[in-house]
There are 2 protein chains.
Amino acid sequence: MGLDLHDLEPVSRRSTAAIVADRIRQAIMRGTFPPGTQLGEVELAGRLGVSRGPLREAMQRLVAEGLLRSERHRGLFVRDLDAADVRDVYLARTAVERAAGMLILDGDRSAATERLTAALAAMEAAAAAGDAVALADADHGFHAELVAAAGSPRLRRMADALLVETRMCLAALQQTAPPAEELLVEHRVLRDAVHDGDADRLVATLEAHMADAVDRILGPAGGGPAGAGLPLGPPPAVPA
Amino acid sequence: MGLDLHDLEPVSRRSTAAIVADRIRQAIMRGTFPPGTQLGEVELAGRLGVSRGPLREAMQRLVAEGLLRSERHRGLFVRDLDAADVRDVYLARTAVERAAGMLILDGDRSAATERLTAALAAMEAAAAAGDAVALADADHGFHAELVAAAGSPRLRRMADALLVETRMCLAALQQTAPPAEELLVEHRVLRDAVHDGDADRLVATLEAHMADAVDRILGPAGGGPAGAGLPLGPPPAVPA
DNA sequence: GTGCCGCGGATTGTTGACAATCATACGAGC
DNA sequence: GCTCGTATGATTGTCAACAATCCGCGGCAC
């Protein structure tokens, strides 16, 4: 239902490096590779059925995206995100999605509303089914659709990268249980604000939504002033 | 004078791929490789004195950054930016630098003011010397310092990528002569707004500054509503 | 007992060569 | 004259092997 650009795509599929990059990215997102784990090149290459050449290229892409951290002659490690990183991710997301929202309000609101409604339906279905990972997927999809509807390639690219990091946060610090109903309400308000063209309400709701997400992940400790740069303390229990 | 993070860098220098990526990036920024040119791997590898392996890794990074466009079995080409891209770059920059500015206003304003003043001094020196490329460098440095002072790693990373694309725009569509005095005034106002903690003035000036830059590059045609997505017409004279 | 030195194992970084693929130019057929 | 099929050339994509580097452990001198 949610295929974006299948309209007669050129026959040549993407390069091998891009494919394995997507694979690794998805594995990191889904928590298959916990933060801090070392990714051996030979093992990964063997498991994916490719050689080390394309795999290294894919790794470089992921390093550029900030998902991996490369130590020279030591290996590649999955970046572990601390509390400051969580705040930073949501701060950047707020900036990007805010700009996307303003852009939508100056553009085709009805089309955007339609796309957001569809994404919202996916969230509602997942919530009704009680499927937590599907709900997270749909949440991801809603925000991706929000900035995609803005029509800015660069905002979209930045948002995609940030959403991947968001999933990393969720996978790493798996919160107990996201209150599905509250989540749905917040997203519904976002869509309505887009529909009504209410800029102030959209921005306020977006910021509150992001702050809520940070609180949900970190516990209601440092969600307010968002002082970036502090490593800060142990919220409930984070592994080293 | 403007070195950012030279503070006792680890002895092991970066990987070869990162070095060649920086080289290519700089070459693209400075206009050495005009947009649309094909970058042959063997030629580049020979010229840089490295093999094709590390070079391909560097290329993947640059593709991920959006500076190169890879066509399968065709080659790597320098992305050529049209008018819509110019508007999009400045739109994204506005979003990022606005967020950075708000963050600074909630943080250490005096330190940020100091850094911005230093960057401004570099601009003034370049303007006084009549050195256009030094002025562009200093302009670049001012905005880089602005988001660096915010202390958000992700905003910083996004801004760096966008600034490189900005330089690409400037190099490709080399404008006649940027009015140095006006440029200085605008940046001075930005710094003063940071110093005074005036959020409204900072945002307004920033948006005006970006709109001015777009007008300067494209000619005063479509700077107002910034309708992204249109390829749009020939402002004065753009090469295909 | 403590600190230093050297060695073994493993991993990454790099290289060169092989194979697959595509664009271009030329000639045959209609 | 135009179009289609084919040969050629160059380029990218991929692979397996070589070399450099670093961590951990055992032994030795002090």
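Chain letters run A, B, ... following the sequence lines, proteins first, then strands; residues in each count from 1.
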Rounded distance in Å - [atom1] ([X]) to [atom2] ([N]):
X      : N       : atom1 : atom2 : value
E71(B) : dT21(C) : CD    : C1'   : 14 Å
F77(B) : dT11(D) : CZ    : P     : 11 Å
E57(B) : dG13(C) : CD    : C1'   : 8 Å
I19(A) : dG13(D) : CD1   : C1'   : 12 Å
E41(A) : dC15(D) : CD    : C1'   : 14 Å
L39(B) : dA10(D) : CG    : P     : 19 Å
Q60(A) : dT12(C) : CD    : C1'   : 12 Å
R52(B) : dA19(C) : CZ    : C1'   : 12 Å

Heavy atoms from C-beta onward define the side chain here; which of [options] lies closest to that of [X]?
X      : options                   : result
H73(B) : dC15(D), dT12(C), dC22(C) : dC22(C)
V50(B) : dC22(D), dG13(D), dT15(C) : dT15(C)
S51(A) : dG13(C), dT12(D), dC15(D) : dC15(D)
R56(B) : dT12(D), dA17(D), dT21(D) : dT12(D)
Q38(B) : dT11(D), dG13(C), dT15(C) : dT11(D)

(request) For dT12(C), take OP1 and OP2 only and decide whether either is under 4.0 Å from a side-chain N or O of R72(A). (result) no
For nucleotides 23-25 of chain D, list the nitrogen or oxygen atoms of the protein found under 3.5 Å from its nitrogen or oxygen atoms, one pair per line.
from	atom 1	to	atom 2	distance (Å)
dC23(D)	OP1	R74(A)	NH1	3.3

May I ask you to say whether [X] pairs ionically with [Y], meaning some side-chain N is under 4.0 Å from a carboxylate O?
X       : Y       : result
E65(A)  : R25(A)  : yes
E165(B) : R154(A) : yes
D160(B) : R157(B) : no
R47(A)  : E43(A)  : yes

(request) Measure the acute angle between the ring planes of H143(B) and H209(B), then classify it against the limits of 30° and 60° as parallel, tilted or perpendicular. (result) parallel
(request) Remember a base hit wins even if backbone is also touched, and classify L55(A) as base, sugar-phosphate or nothing at under 4.0 Å, heavy atoms. (result) nothing
(message) Applying a 4.0 Å non-hydrogen cut-off, can you work out what G75(A) is touching in the nucleic acid: base, sugar-phosphate, or nothing?
(response) sugar-phosphate
(message) Checking S15(A) against R72(B) for the side chain to side chain donor-acceptor pair (under 3.5 Å) test, could you report, in this order, the C-alpha distance in whole Å, the side-chain angles of both residues, the deciding distance, and whether it holds?
(response) CA-CA 7 Å; S15(A) 72; R72(B) 200 179 153 81; 5.6 Å; no
(request) Flag the pair M102(B) / R98(B) as yes when at least one side-chain heavy-atom distance between them is below 4.5 Å, and no otherwise. (result) yes
